[in-house]
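This report refers to the structure that appears directly beneath it.
Every chain is numbered from 1 and lettered A, B, ... according to where its sequence line falls, protein lines coming before strand lines.
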Amino acid sequence: MTAVADNVEVEARIIARTARRLRHAGSLGVSGWIALGAFAAVVLIAAIGPLLVTTDPNAVSLSEAFQGPSAVHPLGTDASGRDLLARLVFGGRTALIGPFLVVLCSTILGTALALTAVWFGGWFDQMVVRVIDAIFAFPGLLLAILATALFGAGLPAAIAALSIAYLPYIARIVRSAALRERNLPYVAALRVQGVHGAWISLRHILPNIAGLIVANATLAFGFALMDLAGLSFIGLGVQPPTADWGAMVGTGMGGILQGHPAEALYASALIVITVAAVNVIGDRLNERSEVRA
Amino acid sequence: MSETTVVAAQAVARKRGSGRQTVRFVLGRIGGLLATLFVASLVVFGALYAAPGNPLSFLTQGRSMTPEAIAVLEAQYHLDDPVWLQYLRWLGGALTGDFGTSIIYNQPVSQVLAARAPASALLIMMAAIIVLLAGLAVGAYAGLKPGLLSRSMMAGATAVMAVPTFVAAVVLILVFAVQLGWFPVFGAGTPGLDAVHHTTLPAIALALASVAFVGRLSQAAIRQELSADHVQTAISRGLPRRFIVQRHVIRNAAMPVLTVAGLTIAGLIAASVVIEQVFQLGGLGQLLVSSVQQKDFPVVQAICLVYVAAFIVLNTVIDLAYALLDPRIGLGRRTS
């Protein structure tokens with residue numbers, strides 16, 4: 001009798017502790033909120049900034065090269081006398097949209113591939129695993145460079161190549177998580193009721209692993225941003241005169257050697273802040289989905 | 001021997017498997033390596049056919065070439081043969097070091113590559129040494145001596161991991177090359193100590209984010225080992241800390257950390273392309289970028305193949321070494 005009561009009490013305590021842990025895990029924590037604020041600020045600048053800044057980011061004025069901050073040019077000008085503030089704000093759009101598209105494509109494709117593989121299992125699953133491993137063996141940056149060699153330098157080829165290169169990263173994580181879910185009793189219960197496999201995968205398994213997918217997509221965003229900025233930096237990504245943070249670090253190299261590091265440093269700072277913020281958010285989300293799993 | 005030790009020994013023997021199982025495991029991995037290399041070569045070769053237009057017009061890119069030059073190109077790629085035969089000939093050539101002729105340099109691609117390879121090899125090796133030394137030192141210090149300094153080192157590592165290699169390069173150039181003048185900005189220098197001097201900044205820029213990553217990783221591994229039951233027992237028995245750290249903590253933490261560090265170093269191969277471009281080191285990476293811009297496709301194909309092959313082989317070797325050297329890893333099943 002007392003043993004049963006003890007058991008109930010212990011169980012109640014465990015449940016209470018788990019609930020506390022979940023509540024605690026539900027929050028991003030101080031660093032997570034700071035990172036979220038920084039990322040939101042960067043996105044806002046890129047989204048709304050171009051509407052507020054009236055200066056043309058591509059207006060060349062060679063007589064105004066390498067100017068310091070002034071009323072006309074709040075952050076000064078670059079080697080061609082173009083307004084740095086306008087270029088940073090417009091450059092944010094190209095710098096953020098690229099990785100966003102990469103993450104969107106690779107996450108949707110990777111998740112669909114992994115869920116189908118897990119559902120059908122058997123030789124199909126094995127084949128998907130082999131394909132994923134094969135793609136994983138190709139470094140993303142090299143695949144992107146190969147793609148620009150084929151289709152010409154520019155964002156479209158690079159985005160398409162990176163979407164494929166990042167696919168295995170998401171697919172592997174989704175596959176192992178979905179495999180775990182598939183063996184849980186609720187999936188068996190749904191199958192017994194005759195629910196269609198596609199419906200179970202989309203309506204039941206997918207929502208249960210959504211947190212994990214979002215966390216890893218967030219981390220992938222940071223890597224994609226660095227890869228695309230690197231491509232633009234070496235001149236194979238965004239083409240001049242279009243403003244882009246990575247390309248601005250590249251053109252800013254000349255300024256550094258002439259004692260005007262502003263362009264390269266501003267663009268570098270924005271890249272680092274964005275990637276750091278996204279990494280912290282991704283890490284927090286990951287911890288959260290791990291605790292809940 | 002008590003019954004439990006016998007059972008435990010049997011379990012270990014089962015897990016490790018016999019010598020035959022080890023051989024089967026190694027052969028399986030090598031088979032996987034060959035399969036992956038085969039797929040990679042298909043991708044690099046097939047790229048020619050994925051390109052817009054027909055292969056010949058893609059290779060010539062509207063350059064005005066003499067009929068002889070076009071004939072050479074056609075012969076080199078055997079464009080009149082069926083595709084599978086073209087692939088086999090191309091692969092056979094690549095395996096014997098014959099990558100065809102560069103369209104821009106008008107020399108055998110292998111010669112062009114051989115002249116540039118040393119600069120790339122030096123850069124990647126120096127970066128690898130920096131990653132191992134600095135990363136493990138940072139991680140070991142932060143793991144073994146918790147405190148404010150260690151915490152700020154780990155916070156700094158988190159920040160450094162968000163710095164792309166080319167941003168690190170730009171900042172290093174600004175501080176150490178332009179302002180302090182300790183290192184040259186561009187060029188590979190003459191072979192020998194001068195080359196090392198020229199490659200120091202590039203290697204640091206390439207290694208920086210990986211140093212932070214390996215540092216965080218080894219710190220976490222050491223903290224985990226320190227809190228393990230057998231280490232706690234050893235501490236409570238009053239064994240000297242130095243002995244515990246050397247005998248139990250470092251030995252257990254080393255293998256997984258070294259493995260991930262090795263894989264991180266393999267990842268530097270692709271990243272080195274960007275760094276070579278920043279510092280104009282004149283290695284394979286810089287040649288790859290200029291060949292893409294000048295549309296010298298045979299060279300692009302060769303460098304992509306060499307880099308992907310190096311990446312895959314290095315990954316497999318590290319994976320194999322880890323599985324064979326760490327007795328805690330079972331060889332029977334795949335570890336991925």
Applying side chain to side chain contact (heavy atoms under 4.5 Å, CB included), run through B/V167 and A/V272 and close with a yes or a no. CA-CA 8 Å; B/V167 169; A/V272 172; 4.0 Å; yes
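- Considering every non-hydrogen atom in both A/I234 and B/Q293, the closest pair reads O-NE2, 3.7 Å.
- Most heavy-atom pairs under 4.5 Å with chain A: of the set B/V171, B/V178, B/V278, B/L48, this distinction falls to B/V278.
- Atom CZ of A/F100 is surrounded by 12 or fewer heavy atoms from other residues, nucleotides or ligands within 6.0 Å.
- What you find for A/I271 and B/P164 is that their closest heavy atoms are CG2-CG, 3.6 Å.
- Rounded to the nearest 0.5 angstrom, A/F138 CZ and B/T36 OG1 are separated by 12.0 Å.
- For the set B/A159, B/A270, B/A162, the count of heavy-atom pairs under 4.5 angstrom toward chain A peaks at B/A162.
- Under the side-chain contact (heavy atoms from CB on, under 4.5 Å) rule, A/L142 has a single partner from B/I269, B/L305, B/L288, which is B/L288.
- Summarising the local packing, CD of B/Q224 is surrounded by 12 or fewer heavy atoms from other residues, nucleotides or ligands at distances under 6.0 Å.
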Decide side chain to side chain contact (heavy atoms under 4.5 Å, CB included) for B/T165 and A/M226; before the verdict, give the C-alpha distance in whole Å, the side-chain angles of both, and the deciding distance to 0.1 Å. CA-CA 9 Å; B/T165 50; A/M226 290 200 275; over 6 Å; no
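- Looking at A/A229, both its backbone and its side chain come within 4.5 Å of chain B, counting heavy atoms on both sides.
- Residue contact with chain A, scored on non-hydrogen atoms closer than 4.5 Å, involves the side chain of B/F311 exclusively.
- To the nearest 0.5 Å, the span separating CE on A/M253 from CZ on B/F279 amounts to 7.0 Å.
- Contact of the B/V274 side chain with the A/L141 side chain is registered, since non-hydrogen atoms from C-beta on lie closer than 4.5 Å.
- Between B/M161 and A/V275 the shortest side-chain heavy-atom distance does not fall below 4.5 Å.
- Contact of A/D283 with chain B is made through the side chain alone, with heavy-atom distances under 4.5 Å.
- Scanning residues 258-268 of chain A against chain B with a 4.5 Å heavy-atom cutoff picks out A/P261, A/A264, A/L265, A/S268, ordered by number.
- Between chain B and the options A/L146, A/T148, A/L143, A/V278, heavy-atom pairs under 4.5 Å are most frequent for A/L146.
- Heavy atoms closer than 4.5 Å to chain B are found nowhere in A/F223, neither backbone nor side chain.
- For the set B/I312, B/V170, B/V273, B/V39, the entry with the most heavy-atom pairs within less than 4.5 Å of chain A is B/V170.
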Candidate pair B/F297 and A/L150, rule side chain to side chain contact (heavy atoms under 4.5 Å, CB included), full reasoning: CA-CA 9 Å; B/F297 198 64; A/L150 297 177; 3.6 Å; yes
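- Heavy atoms closer than 4.5 Å to chain A are found in both the backbone and the side chain of B/V308.
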